Amino acid sequence: LIALEAYEEAQAQFQQALSFIGKPDHNTRDLLFGLGSAAFGVGEYARAAQQYQESLAEALEVDDLAYVAHNHDALGRLNLAQGNDIPAKEHLLAALEASISSGQPPLILDCLATIAELFIGEGDLEYAALLAMLITNHPASQAKVKERGAQLLALLEAQLSANDLANIRQRSRQSDLDVVAAQLLVDLKSA
């Protein structure tokens, strides 16, 4: 339902599932994350932040790196949507650290898509284009993440010269995901 952008129906389904379980506990982090995503989808940013924070707390409690990364990434996107770049960057740094530690390339690529959005907002179009190209061409990218990468790339292609794009495309073909992610982690920490 979230993928179909049927956010109100998704909220109802997640609420119903939570009511069957009872009070939130360490087994409800996925439901809370879903509620956060549905709230984000309808523009209820405060509610989305609360749901993501609750899901994140549960994920940290049981050391679920995937949900730690998902929640920090979502909080980063939420802050970007509100124009809060500093907290967005903090969440995206935490998301990237958790996704690298998880060793899951699809999760890393998802984080890179949001980081590319941050870089676009900061005016670092070349770095954003490199990330978008890596995302769209990497075999571990999931369909939704590839779609985000392609949308970002289309936006960037209108703003960068053909020569810059050719150079970035060449660099992206020679880039290794783990190396790019590790360097990005260093860059985000030093920024």
Side-chain angles (χ1 to χ4, degrees), residues 1-102 104 106-122 128 131-132 135 141-152 155 184 188 191:
L1 292 172
I2 299 275
L4 296 172
E5 298 180 4
Y7 301 117
E8 283 103 8
E9 190 176 345
Q11 281 180 317
Q13 294 289 330
F14 285 122
Q15 276 304 139
Q16 184 176 19
L18 271 176
S19 70
F20 289 137
I21 293 172
K23 67 179 177 104
D25 62 24
H26 67 275
N27 292 315
T28 58
R29 62 191 170 278
D30 55 342
L31 296 175
L32 292 167
F33 181 81
L35 275 169
S37 298
F40 188 12
V42 294
E44 295 175 359
Y45 294 156
R47 187 170 180 195
Q50 177 187 351
Q51 301 298 334
Y52 288 143
Q53 289 288 358
E54 288 179 25
S55 178
L56 175 60
E58 288 184 16
L60 288 167
E61 190 176 304
V62 295
D63 201 29
D64 183 339
L65 291 174
Y67 267 95
V68 169
H70 281 307
N71 280 290
H72 275 300
D73 182 64
L75 287 162
R77 288 184 84 188
L78 183 63
N79 277 284
L80 284 176
Q82 296 175 63
N84 302 325
D85 290 352
I86 292 172
K89 192 177 286 188
E90 292 168 0
H91 282 294
L92 294 174
L93 175 60
L96 186 59
E97 287 177 323
S99 65
I100 290 170
S101 294
S102 77
Q104 299 178 36
L107 194 52
I108 295 169
L109 290 157
D110 194 18
C111 290
L112 294 186
T114 309
I115 292 169
E117 293 172 6
L118 172 72
F119 287 165
I120 290 170
E122 292 180 341
L131 296 177
I135 292 162
S141 281
Q142 296 173 331
K144 194 74 172 168
V145 176
K146 275 190 185 212
E147 183 180 317
R148 281 178 66 201
Q151 290 170 348
L152 293 171
L155 174 72
L184 188 53
L188 287 172

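These values consider heavy atoms only, across backbone and side chains, with no hydrogens, waters or symmetry-generated copies. Note that the structure is a prediction, hence the values are computed from the model and not measured.
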Side chains of I115 and L188, heavy atoms from C-beta outward: is any pair under 4.5 Å? yes
I need the L31 CG to Q51 CD distance, nearest 0.5 Å. 10.0 Å
Do L112 and D110 have side-chain heavy atoms sitting under 4.5 Å apart? no
Parallel under 30°, tilted from 30 to 60°, perpendicular over 60°: which one fits the rings of F33 and Y52? tilted
Nearest heavy-atom approach of G149 to I135 is CA-CG2, 4.1 Å
Please determine whether a side-chain nitrogen of the Lys or Arg among R148 and E117 lies less than 4.0 Å from a carboxylate oxygen of the Asp or Glu. yes
To the nearest 0.5 Å, tell me how far T114 OG1 sits from L75 CG. 11.0 Å
Checking V68, L65, L96, L107 against S101 for side chain to side chain contact (heavy atoms under 4.5 Å, CB included), the one that qualifies is L65
How long is the straight-line distance from NE2 of H70 back to CG of D30, given to the nearest 0.5 Å? 10.5 Å
For A88 and G76 the tightest heavy-atom approach is CB-O, 3.5 Å
Working to the nearest 0.5 angstrom, can you tell me the gap between H72 NE2 and L78 CG? 13.5 Å
Between L118 and L80 the two heavy atoms that sit nearest each other are CD1-CD2, 3.6 Å
Calculate, to the nearest 0.5 Å, the distance between atoms CD1 and CG belonging to I86 and N79 respectively. 10.5 Å
Can you confirm whether R29 sits close enough to V62 that some side-chain heavy atom of one is under 4.5 Å from a side-chain heavy atom of the other? yes
Of all heavy-atom pairs linking S99 and A69, the shortest is N-CB, 3.8 Å
Minimum side-chain heavy-atom gap E122-K89 below 4.5 Å: yes
With rounding to the nearest 0.5 Å, note down the distance linking CG in L131 to CG in L109. 10.0 Å
Would you mind listing every salt bridge (charged side-chain N to carboxylate O under 4.0 Å, His left out) that reaches into residues 33-44, with sequence neighbours excluded? E44-R47
Which heavy atom in A48 sits nearest to a heavy atom in G36, and how many Å separate them? CB-O, 3.4 Å
Look only at the side chain of N84 and the backbone of P87, and say whether a donor-acceptor pair between them is shorter than 3.5 Å. no
